[in-house]
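Along the sequence shown, residues carry numbers from 1.
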Amino acid sequence: MTSPKKLGMGALFQNRVIRTILLSVFFLQIGIWVRNYSILLYVIEKTNESPVAVSLISVAEFAPIFLFSFIGGTFADRWRPKRTMVWCDLLSAVSVFVVLLTLFFGDWKIIFFATLVSSILSQFSQPAGMKLFKLHVPAELVQMGMSMYQTVFALFMILGPILGTFVFQRYGILAAVGVMGVAFLISAAVLLMLPADPEPKKEKPKTTLMEEMKEGFRYVLNSKALTLLGACFAAAGLAIGLTQPLGVFLITERLGLPKEELQWLMAAFGIGMILGGGITIAISKKVMPQMLLAIGMTASAIGMVGMGLSTELWLTLTAQFFAGLFMPCIHIGINTMILQNTEESFIGRVNGILNPLFMGAMVITMSASGWLKTHLSIVYVYEISAVLLVIGVLVLVPIMRKSSVKQEFKQGM
């Protein structure tokens, strides 16, 4: 058995697929963050800060994850990945320009349509991108590639809100919608530089959509690594959902500061993520993905304990920064584990099963967090979240020593 070649950052950026996907994601993030913030500010302005209207934006953004994630993943397994991604970006751009045209005639409510359509299309595009990693990126570069991918997302957590707010306040909603459309078009043009999709296997038997969905569930259940990862996903979703809506109460109750100071918590987390992305790139070649995931979740648990107990702003910011520093470990560990333990023909469906599992768990505890807050101290709520993260780490113990689980899927019993 030959030892794998040691590949560094030079090899990473020489890989055509990684370069192209990173550039595409850069323009997509511009479009998405301008969309998120300009639409939010526009709806607030139009509805005099109606909480119902504002909540509908979140519904348009997150509901497709439940409704279309598994369907999108199944179709991504059927379709050619490059073609899927290009068409998704083009259709997102078309939907945005339809919104722009409608806004000229004064019907502002159509703005929700832009968020809804691009969110639905991302459920088809994202698993197609994962398939491209599996098809064209050497195994030794996958974890480093995912590290760079997550660093782009972390960068936009800081720059995105600033960019979206600036475009809307300086140039207005029409210009903001135009920026969205152009960003999606540029992303589609960049994706044309990807290698051609491989020809589909001619001998593959015809199956129905429902049969392929069932195969996807059987595939996950027959893989110990993916089943445990699903349980870990659920625990992480429950933990994050529990504290997601309560950050403002750390500021007002535990620290006794105005609610506007919440922005510093977000900034500390985002800065931590950017630095953490760089650190994770440096160590990703030496650390197994399941270990990265366990490190990230353990650090998040420590951060939760610190934030819950702290009554000093500097300590709360430090705990938030610490959690952000290790957050890339979670994202990179999860994505690398999925790629290492999933055949190319099942990547879309595996994504489509695991992502809603995380989001569903998060929504459950987000819904319950307000009720818990009225019955328990916020300190206890944050400590419960930390315990759930530790449970997620313990779930990973059986596969902690395995570098890559090569699973076998048996069909047709």
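No donor-acceptor pair closer than 3.5 Å links the side chain of S187 to the backbone N or O of A183. Not one N or O on the side chain of S119 forms a donor-acceptor pair closer than 3.5 Å with the backbone of L116. When atom types are taken as modelled, the side chain of R16 and the backbone of M193 share a donor-acceptor pair closer than 3.5 angstrom. Between the K82 side chain and the L194 main chain, a donor and an acceptor come within less than 3.5 Å of each other. The main-chain N or O of V220 is found under 3.5 Å from a side-chain atom of T227 such that the two form a donor-acceptor pair. Using modelled atom types, no side-chain atom of R254 and backbone atom of F249 make a donor-acceptor pair closer than 3.5 Å. Formation of a donor-acceptor pair under 3.5 Å by the S38 side chain with backbone atoms of V34 is found in this model. A donor-acceptor pair under 3.5 Å links the side-chain atoms of T365 to the main chain of M362, judged by distance alone.
The NZ atom of K131 lies 12.5 Å from the CH2 atom of W79; values are rounded to the nearest 0.5 Å. In this structure, CD1 on I334 lies 11.0 Å from SG on C329, to the nearest 0.5 angstrom. Separation of atoms OG1 (T20) and CG (L192) is listed at 10.0 Å; rounding is to 0.5 Å. Here the CD1 atom belonging to I295 is positioned 11.0 Å from the CD1 atom belonging to I330, to the nearest 0.5 angstrom. Remark: F156 CZ to I32 CD1 distance equals 9.5 Å, nearest 0.5 Å. The CG atom of L159 sits 9.5 Å away from atom CD1 of I30, with the distance rounded to the nearest 0.5 Å.
Minimum interatomic distance between S385 and A239 (heavy atoms only, all atoms of both residues): OG-O, 2.8 Å. Residues M85 and A128 come closest through the heavy atom pair CG-CB, 3.7 Å. Listed here is the closest heavy atom pair of G348 and P127: CA-CB, 3.7 Å. Closest approach of C232 and V395 over heavy atoms only: N-CG1, 4.0 Å. Of all heavy-atom pairs spanning L292 and G333, the tightest one is CB-CA, 4.4 Å. Heavy atoms only, all atoms of each residue included: P328 and G276 are closest at CG-C, 3.7 Å.
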Practice prompt. Given side-chain contact (heavy atoms from CB on, under 4.5 Å), test F358 with I240 step by step and report yes or no.
Written response: CA-CA 10 Å; F358 174 82; I240 291 169; 3.8 Å; yes

Worksheet entry | side-chain contact (heavy atoms from CB on, under 4.5 Å) between V96 and R35, worked out | CA-CA 10 Å; V96 165; R35 179 198 74 190; over 6 Å; no

Discussion item. Let's go through V179 and Y171 carefully: what are the C-alpha distance in whole Å and the side-chain angles of both, what is the deciding distance for side-chain contact (heavy atoms from CB on, under 4.5 Å) to 0.1 Å, and is it a yes or a no?
Written reply: CA-CA 10 Å; V179 169; Y171 301 106; over 6 Å; no

Fill in: Derivation and outcome, side-chain contact (heavy atoms from CB on, under 4.5 Å), residues L376 and I384
CA-CA 11 Å; L376 295 173; I384 291 168; 4.0 Å; yes

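A 4.5 Å side-chain heavy-atom check between V305 and E383 finds at least one atom pair inside the cut-off. Inter-residue side-chain proximity for V152 and L22 is flagged as met; some heavy-atom pair is nearer than 4.5 Å. Side chains of I391 and L238 form no contact here, defined as non-hydrogen atoms less than 4.5 Å apart. Looking at F269 and M327, their side chains come closer than 4.5 Å, going by heavy atoms from C-beta outward. Side-chain contact between V379 and L309 is present, with heavy atoms from C-beta onward closer than 4.5 Å. When side chains are defined from C-beta on, I39 counts as touching M180, because their heavy atoms get closer than 4.5 Å. Side-chain contact between L185 and D89: absent, with no pair of heavy atoms (C-beta onward) separated by less than 4.5 Å. Using a 4.5 Å cut-off on side-chain heavy atoms (C-beta onward), L357 and I353 make no contact.
Between F346 and Y219, the two ring planes are parallel [angle under 30°; tilted spans 30° to 60°]. Note on ring orientation: taking the six-membered ring where Trp is involved, the planes of F75 and F124 are tilted (angle from 30° to 60°).
By the neighbour-count criterion of 12 heavy atoms within 6.0 Å, atom CZ of F97 is densely surrounded, having more than that number from other residues, nucleotides or ligands.
Note that R170 lies outside the cation-pi zone of F166, set by a 6.0 Å cut-off to the ring centre and a 45° limit from the axis.
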